[in-house]
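The shown structure was predicted, so the numbers you read here are calculated from the model rather than taken from an experiment. Chain letters run A, B, ... following the sequence lines, proteins first, then strands; residues in each count from 1.
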Amino acid sequence: MNSFGNMAEAVIAGDFETVKKMTQTMIDEQVDPIAIINQGLMAGMNVVGVRFKAGDMFVPEVMMSARAMSTGIELVKPLIADTNMPSAGKVVIGTVKGDLHDIGKKLVVMMLESAGFQVVDLGVDQAPADFVKAVQEHNPHVVGMSALLTTTMLKMKDTVDALKEAGLRDKVKVIVGGAPVNRSFAEQIGADGFASDAATATDLCKTLAQ
Amino acid sequence: MAVGSNHGNGLFFRTLTEVQAQHIHAASSRILEETGMVIHHLEAVELLRQAGAYVEGENHVYFPAWLLEQALRTAPSRVTMYDRMGRPAMYLEGSNTYFGTGSDTLNFLDPFSGERRSWRTEDVAAATRVCDALPNIDFVMSMGLLSDVEKRMINREQYAIMIQNTTKPQVVISEDGDTLRDIIEMAAVAVGGKERLRQKPLLMSYTEPTSPLQHPAESIDKLLVAAEYGMPTNFACGGMAGASVPTTVGGALVQANAEALSGLVIHQLKRPGAPFIYGYGNSPMDMRTMQAVYGTPEAILFQGGLVDLAHFYNLPCWGYAGCCNAKVCDEQAVMESTMFTLMGALQGCNIMHDVFYMEFGLTGSLELLLISNEAIGRARRIQRGIDTDPAHLAVEAIQRVGPGGNFLGDEHTAQYFRENWQPDLSDFNNYENWTLNGSQTMAERAREKLKYLMEHHHPEPVPAEVKEQIERILKAASARLG
Ligand code: B12
């Protein structure tokens, strides 16, 4: 157990070299790969999430921890059947048509990934049809849309409608975000959730993906 | 002047040494030569290819040093902006400094109800009239996003409001080249034709491409339209230090400069000599909240470096002042915005926008606008420096007054005290008199003055036939957009 504790500490410290070495040692010692993820790597990342929210860690440090965790996951992944791979859920996300703002969306992606979500990032300037296609292809728990312009916000409603038309609306939760977006707008267009920052977005996905 | 800003009477300020500027230039040149830029615009890529840039694949462009140097030779070192009457209003050159508002805030901090709400047409019109009245606001931007007009028409309607509610020059946002063409039409009818507009530009186009190391199609479209019309344009790529540019101020400068120069090259190839305003918009990312923050010490230092680079290249420079991250017009608002204003003035940044921005550009406050107007006044006095001619050294006056005398009764005081800065909103009363005047805070005094200006200031109107033409352009655009 202590070695899981050390591994978690190395994840928290964002020390990918040590995480890599420890993971390899455990694999060599035939430790259960799922336990490596859940009790070592993810355990560390969970602490990171709490510390970030408390203001004790900063975003770049969270990113280093997330990279350390993925270094470990990359090593154990081949040992686990796809279906058994622990995942908090799958999220498809993109910036809507006509909008090139993506810094906020990228942060949401990074935070989701560091919380153990599998994320498909479609990039910027995505039309309703692109979201529909991605939902068909990836079958995610949640689809997220980002918009920073009042003009492009309207495309979010078009996407919700397009998902309905394609018969996919009941199969996926829709969340929206970006500076001009707010809760009442989200409700108005028939989305399932809104979050004002990346940390809240992660909590929201955790709730919705259950 | 090589690097740094010369103000009045020997007052001098600089952020970079000449050698540091050279280092940054060399590093930016390396980025352009070795890493290149992705340019999502076929015409621009073609212009660059024909001029001798190296193009990989469809749009990855590598810039040889001589191409940059050629563009730096053809770009003008000074740009004059005119008011609606055709009078020169801003000489963008050297260390001259001018201030104006920002564009497109989502929320209006209603000065009278205290409510944070969306902007309506009459709010933007009233705010623009206030700018017209303020002596230290030299140009305007659209201030608020209109919530009561069709979304695709917002930029055009904003322009129609600006041109009718102030005579001051404007910096305009347009969502694409088509919008910009309509805006130019409106400006042209107001000043008497396109040729006259080219000769005496009333507006500058605002272009803000996306970092890192790429230019989106619509930004380049607008850049080329501006070059084509010979209308001044900035090309301030927007980045967030720590996310889309490096977190170190030096690294942010290297990348910002590379992106700005790449825009300059495209612009000068389209029309050599067309007026270009160098600059970059860097809002560092706060690593706790992930917000793009304004006016932090690093953001201010960054601007100092950028202005010195502009001086190094002998180009006019674009920047920020008077903006903040506070949610209401409080102590933080005034601290952040005033620091930025004073430093921007000392840096000698030619044209500084976003005065009145709150909440990192999401909200606008007219109280902050008025307080900033006063801060700019103070800064401008500082920029004049210390006069050391015999009259100002006042040896004779000192001799006249002599030991134990008083300058208050001397003619020297009566003659020169008016050169000193005079408060308008700042309160210099003693405690008793301050209480007698209602114990007001500065923001309260600002609201009082706002009310007065809104009721009493009437900008020079546009002639009726110009008004009709503007209506016609708006109608045609609205019909075209469906
Ligand atoms: C940086 C920036 C840019 C950069 C973008 C670079 C990039 N790669 O993203 C550049 C320079 C390219 C740019 C361009 C423009 N911009 Co801009 N830009 C900004 C700025 C300053 C910061 C945005 C940002 O990145 N914030 C930081 C991130 C971390 O915050 P965020 O995006 O809000 O994201 C957080 C949350 O919203 C949430 N979130 C985000 N997405 C999602 C998605 C989901 C599903 C969820 C749950 C949550 C979520 O989590 C994020 C992390 O905490 C804002 C002002 C502001 N303060 O918002 C203006 C702003 C958004 N831009 C504005 C404008 C007008 C433009 C231009 C039209 C200007 C022009 N004419 O050139 C162009 C448009 C280009 C286009 N077609 O998209 C206006 C928008 C007004 C409006 N609402 O219509 C703003 C508000 C500034 C202003 N007042 O003028 N811009």
Look at atom [atom1] of [X] and say whether more than 12 heavy atoms of other residues, nucleotides or ligands are closer to it than 6.0 Å.
X        : atom1 : answer
A:Glu17  : CD    : no
B:Lys327 : NZ    : yes
B:Leu42  : CG    : no
A:Glu165 : CD    : no
A:Lys173 : NZ    : no
B:Arg117 : CZ    : yes
A:Arg67  : CZ    : no

- Message: Between A:Leu107 and B:Met285, is the side-chain contact (heavy atoms from CB on, under 4.5 Å) condition met? List the steps.
- Response: CA-CA 11 Å; A:Leu107 290 175; B:Met285 179 155 100; 3.8 Å; yes

- Query: What part of B:Glu175 lies closer than 4.5 angstrom to a heavy atom of chain A: side chain, backbone, both or neither?
  - Reply: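 Interface part for B:Glu175: side chain.
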
Value rounded to 0.5 Å, distance of [atom1] in [X] from [atom2] in [Y]:
X        : Y        : atom1 : atom2 : result
A:Leu100 : B:Gln214 : CG    : CD    : 8.5 Å
A:Leu154 : B:Lys151 : CG    : NZ    : 5.5 Å
B:Ser211 : A:Ile103 : OG    : CD1   : 8.0 Å

- Message: Are A:His101 and B:Thr210 packed together at the side-chain level, in the sense that at least one heavy-atom pair is separated by less than 4.5 angstrom?
- Response: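 In short, these two side chains do not touch, never coming nearer than 4.5 Å.
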
- Query: Do the non-hydrogen side-chain atoms of B:Met290 and A:Val59 ever get within less than 4.5 Å of each other?
  - Reply: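 Yes; the side chains approach each other to less than 4.5 Å.
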
- Looking only at heavy atoms, which two atoms of A:Phe58 and B:Arg288 are closest? And how far apart?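 Between these two residues, the closest heavy atoms are CZ-NH2, 3.2 Å.
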
- Message: Among A:Gly98, A:Gly55, A:Gly104, A:Ala199, which residue has the highest count of heavy-atom pairs closer than 4.5 Å to chain B?
- Response: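 That would be A:Gly55.
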
- Query: Going through the checks in order, is the side-chain contact (heavy atoms from CB on, under 4.5 Å) test met by A:Asp197 and B:Thr289?
  - Reply: CA-CA 8 Å; A:Asp197 61 52; B:Thr289 59; over 6 Å; no

